[in-house]
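Only one structure is covered here, and it is reproduced in the block below.
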Amino acid sequence: MPKITFLPHEEICPEGKTIDVEPGVTICDAALGANVEIEHACEKSCACTTCHVIIREGFNSLEPATEQEEDLLDKAWGLEPESRLSCQAKVDDRDLVIEIPKYTINQVSENH
């Protein structure tokens, strides 16, 4: 079973966290299931960038981003070549190391 390691994030996951995850689950759903509260203002419908993450290890194991996801990522704060929307990126059979960016462009933060 693959593992996702979330690097420490000052507010969301101060200590960092490593979890086991079933292949086929999105990074966002895996995080939320493990109490890593990634923002997801559009309810995971690929309509915003609040769940933007940077894949520090394992990026090539993910399916390529769709054109819609790529268009949205262009608006994300701190975009990097290994950026993905966590609501769209599904875990394959390899471990991932994830960085949650310090900021999002969400104008109103909601507690989900």
Please report the closest heavy-atom contact between [X] and [Y], naming both atoms and the distance.
X	Y	result
Glu39	Thr104	OE2-OG1, 3.5 Å
Cys42	Ala47	SG-N, 3.3 Å
Ile38	Ser86	CG2-OG, 3.8 Å
Phe6	Ala31	CZ-CB, 3.5 Å
Cys87	Cys51	N-SG, 3.3 Å
Val21	Val91	CG1-CG1, 3.8 Å

Distance, nearest 0.5 Å, that separates CG of Leu72 from CG of Leu79: 11.5 Å
Could you tell me the separation between the CD1 atom of Ile27 and the CD atom of Gln88, rounded to the nearest 0.5 Å?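 The distance works out to 11.0 Å.
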Leu32 and Glu37: side chain to side chain contact (heavy atoms under 4.5 Å, CB included), yes or no, with the steps? CA-CA 5 Å; Leu32 295 172; Glu37 296 297 323; 3.7 Å; yes
State, yes or no, whether a side-chain contact exists between Ile55 and Ile98 at a heavy-atom distance under 4.5 Å.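 Yes, close enough: below the 4.5 Å cut-off.
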For the residue pair Leu96 and Pro2, establish whether any side-chain heavy-atom pair is separated by less than 4.5 Å. no
Pairs touching residues 57-77 that satisfy side-chain hydrogen bond (donor to acceptor under 3.5 Å, both in side chains), sequence neighbours left out: Glu69-Arg84
Which residue pairs pass the side-chain hydrogen bond (donor to acceptor under 3.5 Å, both in side chains) test with at least one member in residues 89-99, sequence neighbours excluded? Arg56-Glu99
Tell me every residue that passes side chain to side chain contact (heavy atoms under 4.5 Å, CB included) with Ile12, counting only those two or more places apart in sequence or in another chain.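 Checked Ile12 against side chain to side chain contact (heavy atoms under 4.5 Å, CB included); matches are His9, Val36, Ile100.
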Going by the rule salt bridge (Lys or Arg N to Asp or Glu O under 4.0 Å), which residues pair with Lys3 if we only count those two or more places apart in sequence or in a different chain?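 So Lys3 forms a salt bridge (Lys or Arg N to Asp or Glu O under 4.0 Å) with Asp20.
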Same apolar cluster: Leu73 and Leu62, side chain cutoff 4.5 Å: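 As far as the 4.5 Å side-chain criterion goes, Leu62 and Leu73 are not connected within one cluster.
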Kindly work out whether a path of hydrophobic side-chain contacts (I/L/V/M/F/W/Y, heavy atoms less than 4.5 Å apart) joins Leu85 to Phe59. no
Qualifying salt bridge (charged side-chain N to carboxylate O under 4.0 Å, His left out) pairs with a residue from residues 21-36, counting only residues at least two apart or across chains: Asp29-Lys44
Apply side-chain hydrogen bond (donor to acceptor under 3.5 Å, both in side chains) to Ser83 and list each qualifying residue two or more places apart in sequence or on a separate chain.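 For Ser83, the residues satisfying side-chain hydrogen bond (donor to acceptor under 3.5 Å, both in side chains) (neighbours in sequence not counted) are His52.
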